[in-house]
Amino acid sequence: MSPLKHVAIIMDGNGRWAKKRGVGTIEGHKKGGETAERIALTAKKMGIKYLTLYTFSAENWRRSPLWIAEFIRELSYYLEHQTDIFMQEHIRARFIGDHSRFPQKLQRLMRELEEKTAYFDDVHVTFAVGYGARQEIAQSMRALAKRVGSEEIKISDINEQLISETLYTHDLPDPDVLIRTSGEMRISNYLLWQAAYAELYFTETLWPDFSPEEFTKIIETCCQRQRCYGQDRQDAANAA
Ligand code: IPE
Ligand code: IPE
Ligand code: MG
């Protein structure tokens, strides 16, 4: 069993995967969806309780209307047809992000899957859809300012914990590991607050090709890294 609680993934490279094979982007999303399912089951087997998957960023709205329409169609199809897997495997599905720009049907599918799986606790898979970390932090600031305005809290009450409690991820532990596929080495506005002490791992593998074996290996590698949290290395080692 892995000692890690929470793994976050930036599932990147679907487009390049499709291009390399001379197939449509939709094919890349389809394969990407299958990979997400395999990795969720692997995480469950490994005892990793929280998996958070970057599915559509707030900035992905900058892509072409055709690309966005295809993505929405594929995600809707996936949610409609994969409910059984979530139910059979006792996977709790969550969705974080600003969903207001998505079609009503997709919003409903997300809500329904959340409701149907709300009592499962084996593994929590959170899909970040329409998610941007800066936007998330801005809404947290607005919520806190409102509470100060109504004198529910004082300015001096605002601390790290209170900020964490007003983020979309308020009931998730911070990620231990943040993996990005496809060779890009950036965070792209993902979990900026939460990943403050996450171990970063970048792999060249395109998301549709990402395998349970590679995932397991990455987790093992990250478990061997010494996490210091600012402490002296020796003190951190003694505390571990
Ligand atoms: C990641 O794949 C999935 C989403 C952004 C939704 P991309 O579509 O970014 O794939 P590349 O980076 O173009 O290969
Ligand atoms: C990040 O990938 C978002 C998701 C994987 C959903 P992008 O492909 O959108 O990131 P950039 O644009 O290369 O930074
Ligand atoms: Mg990309």
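In each ligand, atom 1 is the first atom listed, and ligand 1 is the first ligand listed.
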Report task. Begin from the C-alpha positions of K31 and E34 and carry the test salt bridge (charged side-chain N to carboxylate O under 4.0 Å, His left out) through to its verdict. Result -> CA-CA 5 Å; K31 281 282 167 200; E34 290 168 17; 3.5 Å; yes

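Outside the 6.0 Å centre-distance limit, the rings of F56 and Y131 are not counted as a close aromatic pair.
Residues lining ligand 1 at a heavy-atom distance below 4.0 Å are given as M11, D12, G13, N14, G15, R16, T55, N60, R63, W67, F71, ordered by chain and residue number.
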Using atom types as modelled, flag every donor-acceptor pair under 3.5 Å from a side chain in residues 8-22 to any protein atom, sequence neighbours excluded.
unit_1: D12; atom_1: OD2; unit_2: R180; atom_2: NH2; d: 2.8
unit_1: D12; atom_1: OD2; unit_2: S182; atom_2: OG; d: 3.2
unit_1: R16; atom_1: NH1; unit_2: S182; atom_2: O; d: 3.1
unit_1: R16; atom_1: NH1; unit_2: E184; atom_2: OE2; d: 3.0
unit_1: R16; atom_1: NH2; unit_2: S182; atom_2: OG; d: 2.9
unit_1: W17; atom_1: NE1; unit_2: D209; atom_2: OD1; d: 2.9

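Neither I39 nor L172 shares a network with the other; the hydrophobic side chains, linked directly or stepwise wherever heavy atoms of I, L, V, M, F, W or Y lie under 4.5 Å apart, form separate groups for each. I91 and L53 end up in the same hydrophobic cluster when Ile, Leu, Val, Met, Phe, Trp and Tyr side chains are linked at under 4.5 Å. Criterion: ILVMFWY side-chain heavy atoms under 4.5 Å apart, direct or through other members. Under it, F71 and Y78 are part of a common hydrophobic cluster. The hydrophobic cluster containing V125 does not contain Y168, counting ILVMFWY residues as joined when their side-chain heavy atoms lie under 4.5 angstrom apart, directly or transitively.
Side-chain contact between E199 and L4 is absent, with no heavy-atom pair separated by less than 4.5 Å.
Partners of D157 according to the salt bridge (Lys or Arg N to Asp or Glu O under 4.0 Å) rule, which considers only residues two or more places apart in sequence or in another chain, do not exist here.
Close approach to R186 involves these atoms of ligand 2, each under 4.0 Å from a residue heavy atom: 11 (P), 13 (O), 14 (O).
Around the Mg ion (ligand 3), protein N, O or S atoms at less than 2.8 Å comprise D12 OD1.
A salt bridge does not link K45 with E89: none of the charged nitrogens is closer than 4.0 Å to a carboxylate oxygen.
Counting heavy atoms under 4.0 Å from ligand 2, residue R180 touches it through the side chain alone.
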